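A short write-up of the structure that comes next.
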Amino acid sequence: MKAIPASIRFISLLSVCALSLHSSDAQARKIKLSLKTNGTKEHTVKAGKKETHVGLRIDGIRMVASESCRIPLADGDTVTFDPAKVSFSGYEKEAGAARETMLISNHSGLYISGIEMTVTYLDMSGRMLHSRKITKKCDVPPGETRMFDYPTWDRQKTYYYHLGNSPRKVATPYDVKVSPIAFWIKTDEIETDNKE
């Protein structure tokens with residue numbers, strides 16, 4: 001048997017390494033692409049621009065819901081947004097429902113074009129069952145109330161909201177807590193009597 005020269009062995013070894021690196025690099029790219037969609041962008045944008053938030057395109061300025069703040073307008077004036085003047089009510093989800101609904105009432109005097117909120121689901125003893133963040137477009141003019149819905153957290157459809165209709169089948173009641181994180185405000189829809 002002839003011995004394989006060292007240079008040929010070295011070239012073979014390099015090509016095997018290159019092939020293994022190439023395949024693991026492709027796998028890494030696949031993983032990176034699948035993780036790319038899970039990230040969130042949280043930043044405030046200037047008046048009149050649009051922000052992309054996890055695939056959503058919401059017009060307006062993103063305002064944090066924990067404090068009142070002033071919004072600069074194009075003409076140099078400012079308006080104040082008070083998140084305490086926005087309320088949630090009418091939550092509903094029956095045992096067999098694939099979607100949850102609720103009402104948002106806007107008494108802030110500003111046009112709300114989107115919302116980011118945390119919804120926490122609690123059993124009847126107050127223990128947390130689940131919690132999630134929802135970002136949703138919702139056009140709510142000042143002084144008005146709008147209903148909006150989103151897919152349910154209950155994929156097996158075995159839970160129902162305890163203040164809703166009791167189901168005929170066996171299901172577990174739960175309570176819900178909604179905590180707003182941010183609102184998007186449309187500055188081109190601002191009423192002139194709300195300016196300061």
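In this text, all values refer to a predicted model and were calculated from it rather than measured experimentally. Basis for what follows: all heavy atoms, side chains included, without hydrogens, waters or symmetry-related copies.
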Practice item. Would you kindly confirm whether Ile115 and Tyr91 end up in one hydrophobic cluster when ILVMFWY residues are joined by side chain heavy atoms under 4.5 Å apart? Key: yes
**Study point:** Set of residues satisfying salt bridge (charged side-chain N to carboxylate O under 4.0 Å, His left out) with respect to Asp175, sequence neighbours excluded
**Key:** none
Check your understanding: How far apart are the C-alpha atoms of Met147 and Met102, what are their side-chain angles, what is the distance that settles it, and do they pass the side-chain contact (heavy atoms from CB on, under 4.5 Å) test?
Key -> CA-CA 6 Å; Met147 179 184 289; Met102 78 171 65; over 6 Å; no
Review point. Which heavy atom in Ala97 sits nearest to a heavy atom in Lys157, and how many Å separate them?
Key: O-CE, 3.8 Å
Practice item. Please report the C-alpha distance between Arg146 and Asp139 in whole Å, then the side-chain angles of each, then the deciding distance to 0.1 Å, and finally whether the side-chain contact (heavy atoms from CB on, under 4.5 Å) criterion is met. Key: CA-CA 8 Å; Arg146 294 285 189 268; Asp139 293 318; 5.8 Å; no
Point to revise | Close side-chain approach of Trp184 to Ile112, heavy-atom, < 4.5 Å | key: no
Check your understanding: Checking side-chain contact (heavy atoms from CB on, under 4.5 Å) for the pair Tyr121/Arg132: CA distance, chi angles, key distance, verdict?
Key -> CA-CA 9 Å; Tyr121 305 90; Arg132 65 181 176 157; 3.2 Å; yes
Practice item. Indicate yes or no for a side-chain donor-acceptor contact from Ser108 to the backbone of Leu110 under 3.5 Å, with no hydrogens or angles considered. Key: yes
Review point. Parallel, tilted or perpendicular for Phe88 and Phe183, by the 30°/60° rule?
Key: parallel
Review point. Just by distance, do the side chain of Asn106 and the backbone of Glu144 share a donor-acceptor pair under 3.5 Å?
Key: no
Review point. Do Asp154 and Thr152 have side-chain atoms, one donor and one acceptor, less than 3.5 Å apart?
Key: no
Review point. Checking Lys169 side chain against Thr158 main chain: does a donor-acceptor pair fall under 3.5 Å?
Key: no
**Study point:** Heavy-atom side-chain contact between Ile104 and Val86 under 4.5 Å
**Key:** yes
Exercise for review: Decide side-chain contact (heavy atoms from CB on, under 4.5 Å) for Glu116 and Ile134; before the verdict, give the C-alpha distance in whole Å, the side-chain angles of both, and the deciding distance to 0.1 Å.
Suggested key: CA-CA 6 Å; Glu116 182 178 2; Ile134 297 170; over 6 Å; no
Review point. Would you say the side chain of Tyr160 lies within less than 4.5 Å of the side chain of Lys93, judging by non-hydrogen atoms?
Key: no
Review point. In terms of side-chain heavy atoms, does Tyr150 have a donor or acceptor partner in Glu100 at a distance below 3.5 Å?
Key: yes
Review point. Are the aromatic ring centres of Trp153 and Tyr174 under 6.0 angstrom apart?
Key: yes
Point to revise | Pro83 versus Val64, closest heavy-atom pair with distance | key: CG-O, 4.5 Å
Review point. Counting only N and O atoms by type, is there a donor-acceptor contact under 3.5 Å from the side chain of Lys133 to the main-chain atoms of Ile181?
Key: no
**Study point:** ILVMFWY network linking Val140 to Phe148, side-chain heavy atoms under 4.5 angstrom
**Key:** yes
Check your understanding: What heavy-atom pair brings Ser113 and Ile185 nearest, and what distance separates the two atoms?
Key -> OG-N, 4.4 Å
